[in-house]
Structure formats: structure tokens, C-alpha cells
Colleague: 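My questions all concern the structure below.
The figures here come from the full heavy-atom set of this structure, side chains too, leaving out hydrogens, waters and symmetry mates. Numbering of ligands and ligand atoms starts at 1, following listing order. Everything quoted here is computed from the prediction, not taken from an experiment.
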Amino acid sequence: MAEPNTAEQIRQDFAPPQVPVEDAAREMEAFARGHHSEGRRVVLITSGGTKVPLESRTVRFLDNFSSGHRGAVSAEYFLQAGYAVIFLHRHRSMFPYSRRYAATNWLDVLQLHLPTDGSPRVEAEQSQLPGIVQILQDYKSMKQSGRLLPIEFSTLSDYLHLLLAAAQALSPLGSSAMFYLAAAVSDFYIPASEIPEHKIQSSSGPLQITMKMVPKMLSPLVKDWAPKAFVISFKLETDTEILIEKARKALATYRHQVVVANILDTRRAYVVVVTSTEETKLSVSQEEDHSGVEIEEKIIKDLTLRHTQFIEGTEVN
Ligand code: PAZ
């Protein structure tokens, strides 16, 4: 029997998604078509980590470190650069604009006024929300422009189904579509046919599980699903010795345009943009960091330029 292709494998081998994929597919398709018809480029940003259930009535799951910071900050800079953004992100991970107040306890920021002669009023303590006026302005104008489409996932299965739907929505845009795959997606999963239904019992002794390799989405994405798009993947390592070699290997295997390589501990201050012919090091110095410069601003400046060259067919890489 022939091996199922990746799309079939996702449908057959993974638990049904817990999010309304068909509705999201329709929204993404209409969003992409609308912005494309207005001459705008569209980027799909994936952001955050994936949850891999160990039981189908899930009590326990495998997760990872990703906070969604990279994706949320990048979305803001892509919007600033004029792109329309599909923000495919992990539920409750960082979100563009509001991410600056992710650690804020709103109950401390809000003041309650109880006038004797009127209704209660709630006001925010502005001094506890640094930069709020500018951020609120940017957020409101972005909302009004309709250039941000947030789509949420939680589980690995949700993510895979939604990525497939996003690729189908963006494919008709050809080279003006960009995929910016910053999510930290699990490499391992338990197939739907093998996952225990109920909570794994500790009385059965130490836990031994065998997980299958998650199909590599980059391969069908680049070859079949959106073959004309500009595709950027991210490579995270903890060992600097192997980072660039692994990024190069990914480029050679999947034949997409760019890998952004980063190391777990330094990812906020240093990345290498790797193409088939170049390695461009981008960094944020301590002084820049103190004055609020974010590495994503440099990444997006670099990538939007490469995207222009790609569209114009004048890229040298
Ligand atoms: O989400 P975050 O800001 O905490 O981290 C960003 C990141 C390290 C997940 C991203 O830059 C990245 O490298 N994503 C791909 C990870 C991978 O190799 O699968």
C-alpha cells in the first residue's frame, strides 16, 4: 500500500483538532484573498509551543519552553512594514501589543471609584503601564486596518491541521505570501490509535512511552502546498557548535529560502539569518537593549528586503 502523504497522515494519525479548523480555513482564505487584491503582502506567523497529549482524556501532556515572544513581537514589525498578518499562535501565549503587559496584574493597575452619587467607575493607573498611549494608538489603528488575523491552537494536532489550512489559503498569493515559522513544534507524538483513553495510572510503575516522529511539514509546504511562497523556518539549538550546520542541513533538505538560527539562552539578542549562500549575523547590543531596540525589528527589516528581492526575482541567493 502506498505511504499516505503528509496531509492524509495528519488527518488519519492525529486526534481530531480541538479548534474549528474549517471556520479558520474560511477566515484565512478570505483574509488572504482580500489583502492580496489590495496589493498587500501576507505573512503567516506561527508562534508559541505545542501541547502533545499523553492521554486522549488529557490529564498530562508534553510541552516546551516557547513563550510566543518572538512571534508576537515579529507580528508588530510586519504590521509596521505594511504586511497583513495571519498570527497562528498558541492559546494564551504572547500576543502583539498586549505582550508588553503580559506580566501585569490588572487588579493592581485598575483603580475603583465608588462615588456616593453615581455608578462605580474603573480607571487605569497610567504610570503603571509604560508606553501605553503609543501602544494603544498602534493597537487601535492596527485593529481598524483589519490587517491582523489571530488564529489559535493548543495541541500539536490543532497546529498541524491549521498550518495545512493556512498553506492552502496562502498558496494562490504566489511569491507575495510569506511563511515565518517561529513556533516551537514538537518533534514527537503518540498516534491517535495508540494513545490511552484514560489517565495513565502511576500504580502501573515507571512510565515508558514510545512516541512517533511528527511528519516534517516544511517538505510538503515547500514542494506542494505553497511552492511559490517565501518560506522562513527557525532553528533552535542549545549547542552553538552545531547551530549553523543544522540550519544549513535544513536549507539543503527542504530547499526553502531562509533559516533563522538561534540559541536558547541568547535568542533575544542574537540570531543568524542563513540562506544558501550567506550568513548574516544580527544582534542587539546592551545599549540598544536598554533603549528598547528589539532583535525582531532587525530580523523583519532583513527579511522584508529579501522578500522584495524574491518577488522581483532579483535575489542573489
Ligand atoms: O517563543 P519564544 O520567543 O520564547 O522563543 C522563540 C523560538 C526560540 C521558539 C524561535 O525563535 C525558534 O527558534 N523557533 C523554532 C524552534 C525549533 O527549532 O523548532
Colleague: Is the shortest distance from a Lys or Arg side-chain nitrogen in Lys212 or Asp13 to a carboxylate oxygen in the other one below 4.0 Å?
Modeller: yes
Colleague: Quick check: Tyr83 with His307 (ring centres under 6.0 Å apart)?
Modeller: yes
Colleague: Applying salt bridge (Lys or Arg N to Asp or Glu O under 4.0 Å) as the test, list every pair that has at least one member in residues 220-243; sequence neighbours left out.
Modeller: Glu237-Lys246
Colleague: Show which side-chain atoms of residues 190-203 pair as donor or acceptor with protein atoms under 3.5 Å away, not counting sequence neighbours.
Modeller:
from	atom 1	to	atom 2	distance (Å)
Glu197	OE2	Arg57	NE	2.9
Glu197	OE2	Arg57	NH2	2.6
Gln201	NE2	Lys199	O	3.2

Colleague: Under 3.5 Å, is there a donor on one side chain and an acceptor on the other for Arg268 and Asn262?
Modeller: no
Colleague: According to the salt bridge (Lys or Arg N to Asp or Glu O under 4.0 Å) rule, which pairs have a member within residues 84-94, sequence neighbours left out?
Modeller: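 Residue pairs with at least one partner in residues 84-94: Asp63-Arg90.
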Colleague: Distance under 4.0 Å, heavy atoms only, partner ligand 1: which residues pass?
Modeller: Phe65, Ser66, Ser67, Gly68, His69, Arg70, Ala182, Ala183, Ala184, Phe234, Lys235, Leu236, Asn262, Arg267, Arg268
